[in-house]
Student: 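Okay, handing you the structure first.
In what follows, chains are A, B, ... by sequence order, proteins preceding strands, each numbered from 1.
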Amino acid sequence: MSTATSIQTSATPLGRDDLARLVAKDIAPGSFVNLGIGQPTLVSNYLTDEQNITLHTENGMLGMGPAAEGDQIDGDLINAGKIPVTELPGASYFHHADSFAIMRGGHLDICVLGAFQVSATGDLANWHTGAPGAIPAVGGAMDLATGAKDVFVMMTLLTREGASKIVESCTYPLTGIGCVTRVYTDKGVFLTGPDGVAVRETFGCTLEELQELVPVQLKAAPAA
Amino acid sequence: MSTATSIQTSATPLGRDDLARLVAKDIAPGSFVNLGIGQPTLVSNYLTDEQNITLHTENGMLGMGPAAEGDQIDGDLINAGKIPVTELPGASYFHHADSFAIMRGGHLDICVLGAFQVSATGDLANWHTGAPGAIPAVGGAMDLATGAKDVFVMMTLLTREGASKIVESCTYPLTGIGCVTRVYTDKGVFLTGPDGVAVRETFGCTLEELQELVPVQLKAAPAA
Amino acid sequence: MLTFVDSVQEAVSGIKDGYTVMIGGFGNAGQPFELIDALLDCGAKDLTVVNNNAGQGDQGLALLIKEGRVGKMICSFPRQSDSWHFDTRYKAGEIELELVPQGNLAERIRAAGAGIGGFFTPTGYGTMLAEGKETRIIDGRGQVFETPIHADVALIKALKADGKGNLVYRKTARNFGPIMAAAARHTIVQVSEIVPTGGLDPENVVTPGIYVNTVVRVPAGAGSTAGTEEKVA
Amino acid sequence: MLTFVDSVQEAVSGIKDGYTVMIGGFGNAGQPFELIDALLDCGAKDLTVVNNNAGQGDQGLALLIKEGRVGKMICSFPRQSDSWHFDTRYKAGEIELELVPQGNLAERIRAAGAGIGGFFTPTGYGTMLAEGKETRIIDGRGQVFETPIHADVALIKALKADGKGNLVYRKTARNFGPIMAAAARHTIVQVSEIVPTGGLDPENVVTPGIYVNTVVRVPAGAGSTAGTEEKVA
């Protein structure tokens, strides 16, 4: 744990936009990426032209552009969150089975999803609280979690009640097993996998302080 | 068997072209049809514009036109027999999985195939002699036999050696089980199915004479 | 057999009580509102409806559900900010829900059209949506057996049809249209425009006419932007 | 990662001994002759080749087989009037043959690209091509379990690519191209023309660039009309 302080890269916790900027920076040039509904959508604001990232939306498009505004709004051109979007040069449209084949066939490099919980081994829970009376709705979450080469999660580390969302074992209904490879939170970036959880960087806290918040054994990730 | 003579519709056996004309006449208007390689291809010569038949070729096209001639020949536009063909107005192209989905999903009304043997219950053998050393080649025969709503067979009733190709049980390797609904031969038209073989018409022979050639119990089909 | 009809009422007139009806669209994009309105008017009930969602606001599928015509929904995302009619019926125990991951929904519809008897997929393995389903490990991955979803009728929306029933769509309004057209026994399409046979480039046809049974022209103009889904996390 | 290269030699330079190579085309239509010639020149051997046929005449795949580079063929129709190189190798026991009904071949390739672990199909049930395979009765029909066919590399031919690797094809030369592009880890495409990004209508793209890794321009002009298949019955 001697490297603990060296992985702190920010004196304060990251806000949602700073976190989105960090995720965007970590996406390799030329990648094909799906950004989930909600917070992950913010990542698109920070992708640069030089990165040449192609965005997929599971309702049938590659080459999705920014949100549509004003006269650009077209009811026939929406993203998976049903927000009007735009089309970039080199885009393509396809039907739903072909679109999900892109995800399910392992062709997407990265998908970025929100989460309720992530387990130490990368299990994901993000679709259902399991609360009595809650209407379940899964959408494409399970396909994205299972199909992409890398699944990045973006979330606050703690619930409003202060409980860690990184857990030994998920208590919410699972979306996928062992699928999450990285977790971006306001307090740090975690690498998950069969060998447990490594911390790549911390924001506004040390690894030791982070360990007090998270009920899973943490280690420092080897320097990249 | 009192109706035996009433089903004779031709004083002589039918030639290949007459048989093709008969099959063409029996195809309902508006049908989607796949014509197998060889003798079945002749059927297309006798389809009328009024019938509004759409031809499918399993290498990726609906709306196939007649064989190409002269300047029409285009190496990128061929049928399943690899013969250059033409395109009719309202045609469409699609990839191989989509093309076979049309057959396998039960969307074709009729396919017309050649055969080595057809059994009393409509089993089809048309892809492999099973002879030692013969190189097996199946192509789309099994998909056509299994997928189309109706499978018509066109063949001579007898082999060169005089054996009936309508048999109690196929001795050649099977293409499909219980799939053939009609058999058009030079000596008569047979309706096959779970209830056995009924003869719709005979050409140049009586039902009794036909029965002497065919080792399967025949009956006269009810008048249509 | 392909027919062109003059009204959405005529188009849906063959839909009977108890039918399984696929309805195209993702949110409002590609949703055949006018056909759904006609289905509402025709009075068919005890329907099983296959759609990605379970209706939004006070239009289309949401009204079918409000009026009690839908006995069962097969969908991936019934919970939306404006899915109040489904919410009410569901909480009252008046509508059955088969919740299907969206990719399994699409692949099961595609399987029906393609004559596939069933398939194994990793999606959903180890989750409550795979409970009670056959599973096996293939190449080291847990997989779930999923079966085709067939339908009696599909109601879809396309941009143009030609005289052979060939269809092209517009942008993300394509979504479920092509696979539903292939999965249903009888496919009813509303299009903005009917062009003469030969008026669509054969290279660009998305749904070949073999999958289309009834075409009705509904001039564009309806359809607004959909409400947004609830956010996760 | 997508790259545009200047020669077919460079395009195939990563193909190694023992690879499974999908080769597009049905007869000569869509067959990427120049890429196959380059594969012949590069010397890779012990290849498993997936193609509908097993070569025709004295060109393309037939030459690969003649030169002993192909250890196994996965195809539906190896026997043609001019498939003498395959015939010779096969009868000498020098090439393995996995014979697959053409629709199963297409669907198995599609399954690989779509992440399907396996599927049941009626095609082949009760025939010698189903011997040793798992079967079950589904909805009263006998069905056979078929598994995906993956590949290390696909060699295909398209009409045009844009700067993003999106592809369009021409007429029946489309055939296996789109599904092989999706099934292979690395897809190499020869096109007649490369157009700027934005030069293909997004509605008409057949293979999205996500499935394409290497593009090389080979001007049109090669390719003749294929020999015909042997007749049945």
Side-chain angles (χ1 to χ4, degrees), chain B residues 36-40 57-61 73-85 87 93-101 103-104 113-116 123 126-128 130 133-147 153-156 165 173-178, chain D residues 26-30 52-54 56 75-80 83 86-87 90-91 97 99-107 109-111 121-129 141-142 159 169-180 206-207 223-233:
Chain B
I37 295 167
Q39 191 176 350
T57 182
E58 58 263 39
N59 53 317
M61 183 186 195
I73 292 173
D74 179 340
D76 286 345
L77 181 46
I78 60 176
N79 69 11
K82 294 164 190 159
I83 311 275
V85 292
E87 166 192 303
Y93 297 104
F94 25 76
H95 64 58
H96 239 79
D98 280 350
S99 186
F100 277 80
M103 301 194 300
R104 295 154 63 97
L113 296 172
F116 298 143
D123 293 351
N126 79 344
W127 73 281
H128 189 25
I135 296 176
V138 65
M142 289 186 181
D143 305 287
L144 284 164
T146 307
V153 160
M154 282 179 78
M155 64 183 190
T156 57
K165 296 182 188 172
L174 290 181
T175 307
I177 294 180
Chain D
F26 180 90
N28 286 356
N52 187 62
N53 301 105
Q56 299 174 264
C75 70
S76 88
F77 210 91
R79 185 190 69 233
Q80 310 213 149
S83 59
F86 176 81
D87 300 0
Y90 181 76
K91 287 178 174 163
L97 171 64
L99 187 71
V100 183
Q102 197 173 145
N104 284 356
L105 185 66
E107 188 70 20
I109 294 168
R110 191 258 171 199
T121 171
T123 294
Y125 181 80
T127 76
M128 58 184 268
L129 295 188
R141 292 194 86 178
L159 179 64
Y169 300 81
R170 187 165 177 276
K171 302 189 183 284
T172 58
R174 184 184 304 195
N175 58 66
F176 286 93
I179 53 176
M180 288 183 170
V206 175
T207 293
S224 58
T225 301
T228 60
E229 290 192 0
E230 289 184 13
K231 290 179 181 178
V232 164

Student: When only pairs under 4.5 Å are counted, which of D:Leu97, D:Leu129, D:Val100, D:Val206 shares the most heavy-atom pairs with chain B?
Tutor: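 It is D:Leu129.
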
Student: Is there a side-chain contact between B:Met142 and D:Tyr125, using heavy atoms and a 4.5 Å cut-off?
Tutor: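 With C-beta onward as the side chain, the pair stays apart.
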
Student: State, to 0.1 Å, how close B:Pro136 and D:Pro78 come at their nearest heavy-atom pair, and which atoms those are.
Tutor: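 The answer is O-CG, 3.2 Å.
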
Student: One pair to check against side-chain contact (heavy atoms from CB on, under 4.5 Å): D:Leu99 and B:Trp127. What are the steps and the verdict?
Tutor: CA-CA 12 Å; D:Leu99 187 71; B:Trp127 73 281; 3.4 Å; yes

Student: Can you tell me how far the NZ atom of D:Lys171 sits from the CG atom of B:Asn59, to the nearest 0.5 Å?
Tutor: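 CG of B:Asn59 is found 13.0 Å from NZ of D:Lys171.
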
Student: Would you call B:Phe100 and D:Pro101 a side-chain contact if the rule is heavy atoms closer than 4.5 Å?
Tutor: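 B:Phe100 does not reach D:Pro101 side chain to side chain.
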
Student: Select one option (side chain, backbone, both, neither) describing which atoms of D:Phe86 are under 4.5 Å from chain B's heavy atoms.
Tutor: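 Only the side chain of D:Phe86 comes within 4.5 Å of chain B.
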
Student: Mind listing the closest non-hydrogen atom pair of B:Ile135 and D:Arg79 along with its distance?
Tutor: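 Taking B:Ile135 first and D:Arg79 second, the nearest heavy atoms are O-NH1, 3.0 Å.
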
Student: Could you look at B:Thr156 and say if it's the side chain, the backbone, both or neither that has a heavy atom under 4.5 Å from chain D?
Tutor: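 Neither part; nothing is under 4.5 Å.
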
Student: For D:Arg110, is it the side chain, the backbone, both or neither that has a heavy atom under 4.5 Å from a heavy atom of chain B?
Tutor: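 For D:Arg110, the contact with chain B is made by the side chain alone.
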
Student: Most heavy-atom pairs under 4.5 angstrom with chain B, which of D:Met128, D:Lys91, D:Met180?
Tutor: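 Among the listed options, the one with the most contacts to chain B is D:Met128.
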
Student: Are the side chains of B:Arg104 and D:Asn104 in touch, meaning some heavy atoms are under 4.5 Å apart?
Tutor: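 Yes - at least one pair of side-chain heavy atoms lies under 4.5 Å apart.
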
Student: Can you tell which of B:His96, B:Glu87, B:Glu58, B:His128 has the highest number of heavy-atom pairs within less than 4.5 Å of chain D?
Tutor: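 Highest number of pairs under 4.5 Å: B:His96.
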
Student: For B:Asn79, is it the side chain, the backbone, both or neither that has a heavy atom under 4.5 Å from a heavy atom of chain D?
Tutor: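 Contact with chain D is through the backbone of B:Asn79 alone.
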
Student: Which bit of D:Phe176 is near chain B, if near means a heavy-atom gap under 4.5 Å: side chain, backbone, both or neither?
Tutor: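 D:Phe176 touches chain B through backbone and side-chain heavy atoms alike.
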
Student: Identify which of D:Ala173, D:Ala106, D:Gly103 forms the greatest number of heavy-atom pairs closer than 4.5 Å to chain B.
Tutor: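 Max contact count across the listed options: D:Gly103.
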
Student: Could you have a look at D:Asp87, D:Ile179, D:Asn175 and say which one has the most heavy-atom pairs with chain B under 4.5 angstrom?
Tutor: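 When all of D:Asp87, D:Ile179, D:Asn175 are compared, D:Asn175 has the most.
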
Student: Check the pair B:Thr146 / D:Arg141 against side-chain contact (heavy atoms from CB on, under 4.5 Å), numbers first and verdict last.
Tutor: CA-CA 10 Å; B:Thr146 307; D:Arg141 292 194 86 178; 3.4 Å; yes

Student: Would you tell me whether D:Gln56 and B:Lys82 have side-chain atoms, one donor and one acceptor, within less than 3.5 Å of each other?
Tutor: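 Judged by distance alone, the side chains do not pair up.
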
Student: What I'd like to find out is whether the side chain of B:Ile78 reaches to under 4.5 Å of the side chain of D:Phe26, using heavy atoms alone.
Tutor: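 The answer is yes, as the side chains (C-beta and beyond) meet within the 4.5 Å cut-off.
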
Student: Less than 4.5 Å to any heavy atom of chain D: does that hold for the side chain of B:Tyr93, its backbone, both, or neither?
Tutor: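 For B:Tyr93, heavy atoms of backbone and side chain both lie under 4.5 Å from chain D.
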
